[in-house]
2 protein chains.
Amino acid sequence: MKIEDAAARLEALGNPTRLRIYRALVRAGRAGMPVGRLQGKLKIPASTLSHHIKTLVSVDLVTQVRDSTTLVCHAQYANMQGLVDFLVEECCADETCAEQQ
Amino acid sequence: MKIEDAAARLEALGNPTRLRIYRALVRAGRAGMPVGRLQGKLKIPASTLSHHIKTLVSVDLVTQVRDSTTLVCHAQYANMQGLVDFLVEECCADETCAEQQ
DNA sequence: ATTATATTTCTAGAATATTCGAATTACAGA
DNA sequence: TCTGTAATTCGAATATTCTAGAAATATAAT
């Protein structure tokens with residue numbers, strides 16, 4: 001992963017509301033969660049929520065699939081895993097990494 | 001870790017320049033790296049660099065120790081580890097986590 | 001066609017972030 | 001104490017983000 005892409009994903013997650021959205025979607029599992037249910041859960045205006053979801057979608061951390069009138073959001077686990085891998089490998093949390101590089 | 005703290009750290013890392021700064025400090029290892037050497041490496045004005053370092057310090061991802069006239073910056077591995085742990089546990093990258101919660 | 005529900009896009013104000021030159025502070029050596 | 005090096009803080013311009021109401025779009029049921 002390029003450092004700019006990692007930064008973009010970190011920035012997307014670096015907002016308390018968006019981090020809550022993402023966490024809720026992870027907890028929703030494979031089934032995902034409709035925008036409307038996210039709104040009920042997080043108690044934020046629809047337009048604000050839509051704006052934040054768009055940010056998460058733009059960095060591929062979330063995808064949306066329409067089911068008639070509702071849009072179901074899904075966490076993109078693989079891309080989150082890629083981000084975590086980047087942090088561990090490039091900015092690694094383990095103190096010993098300095099010697100490895 | 002509280003979700004707000006995690007978001008604050010993610011936000012701090014969610015800027016390409018700051019992510020580069022943090023990565024350089026990780027690679028510098030236990031010895032850390034003076035602000036001046038970071039400036040030479042990243043080629044950004046001193047005031048801009050200082051501003052970004054301050055942001056990283058404010059969320060405890062970096063600490064600074066003065067060595068006479070130079071300020072040596074150190075990556076705070078443990079806190080990065082805490083952030084990664086949060087992502088894995090709360091927003092976990094593993095698809096199977098949904099069933100666990 | 002009309003109505004209802006779900007969600008997005010438009011719009012705009014307020015708040016915050018980014019950038020960097022200039023001035024300032026911190027420290028040590030002569 | 002004067003000088004030089006290191007780094008921060010100040011100040012101000014520019015850009016971006018956040019928020020949310022209002023209007024618009026999408027879909028399906030009647």
Side-chain angles (χ1 to χ4, degrees), chain A residues 3-25 28 31-76, chain B residues 3-25 28 31-76:
Chain A
I3 196 167
E4 277 79 14
D5 296 335
R9 280 180 189 163
L10 290 165
E11 185 184 33
L13 293 171
N15 170 284
T17 301
R18 284 195 296 269
L19 193 51
R20 280 194 189 88
I21 292 169
Y22 187 83
R23 186 174 61 173
L25 293 179
M33 190 183 287
V35 174
R37 216 162 101 223
L38 270 173
Q39 197 188 344
K41 247 180 134 54
L42 303 177
K43 315 280 185 199
I44 49 181
S47 61
T48 303
L49 176 60
S50 184
H51 166 75
H52 283 306
I53 292 174
K54 199 163 78 170
T55 300
L56 290 167
V57 168
S58 75
V59 297
D60 299 317
L61 282 170
V62 168
T63 55
Q64 291 179 298
V65 175
R66 182 170 284 280
D67 177 12
S68 79
T69 58
T70 72
L71 263 180
V72 182
C73 304
H74 299 268
Q76 289 304 104
Chain B
I3 196 165
E4 278 78 14
D5 296 335
R9 281 180 188 162
L10 290 165
E11 185 183 33
L13 293 171
N15 170 285
T17 301
R18 284 194 297 268
L19 192 51
R20 281 195 188 87
I21 291 169
Y22 187 82
R23 186 175 60 172
L25 292 179
M33 191 183 286
V35 174
R37 216 161 102 221
L38 270 174
Q39 198 189 343
K41 247 180 135 52
L42 302 177
K43 314 283 185 197
I44 50 180
S47 61
T48 303
L49 176 60
S50 184
H51 166 75
H52 283 306
I53 292 174
K54 198 164 80 171
T55 301
L56 289 167
V57 168
S58 76
V59 296
D60 298 318
L61 282 170
V62 167
T63 55
Q64 292 179 297
V65 176
R66 183 170 283 279
D67 176 12
S68 77
T69 57
T70 72
L71 261 180
V72 182
C73 304
H74 299 268
Q76 289 305 103

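Order of the sequence lines fixes the chain letters, A, B, ..., with proteins taken first and strands second; residue numbering starts at 1 for each chain.
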Pairwise side-chain contact, A:Leu10 with B:Asn15, heavy-atom cut-off 4.5 Å (strictly under): no

Selection: residues 40-59 of chain B, any non-hydrogen atom under 4.0 Å of DNA chain D: B:Ala46, B:Ser47, B:Ser50, B:Lys54

Side-chain touch A:Met33/A:Val72, heavy atoms, less than 4.5 angstrom: no

Separation of D:dC18 C1' from B:Glu11 CD (nearest whole Å): 11 Å

Show each protein N/O and nucleotides 26-30 of chain D N/O combination with a separation under 3.5 Å, one pair to a line.
none

Minimum heavy-atom distance between A:Tyr22 and A:Leu61, given as atom pair plus value: CE1-O, 3.2 Å

Opening and closing nucleotides of DNA chain C in contact with chain B, under 4.0 Å to non-hydrogen atoms: C:dT18 to C:dA28

Partner set under side-chain contact (heavy atoms from CB on, under 4.5 Å) for B:Arg66, not counting sequence neighbours: B:Leu71

Sugar-phosphate, base or nothing in reach of A:Arg18, heavy atoms under 4.0 Å: sugar-phosphate

pair A:Leu56-A:Leu13: side-chain heavy atoms closer than 4.5 Å: yes

Any residue meeting side-chain contact (heavy atoms from CB on, under 4.5 Å) with B:Glu4, in chain and number order, not counting sequence neighbours: A:Arg20, B:Lys2

By side-chain contact (heavy atoms from CB on, under 4.5 Å) - contacts of B:Ile53 (at least two apart): B:Ile21, B:Val35, B:Leu38, B:Leu49, B:Val57, B:Gln64, B:Cys73

side-chain contact (heavy atoms from CB on, under 4.5 Å) involving B:Ala8 - partner list, sequence neighbours excluded: B:Val59

side-chain N/O B:Gln64 vs D:dA7 OP1/OP2, d < 4.0 Å: no

Side chain to side chain donor-acceptor pair (under 3.5 Å) pairs, two or more places apart, involving residues 40-61 of chain B: B:Arg18-B:His52

Distance test, side-chain N/O of A:Asn15 to OP1/OP2 of D:dT17, below 4.0 Å: no

Results of side chain to side chain donor-acceptor pair (under 3.5 Å) for B:Gln76 - residues two or more places apart only: B:Thr63

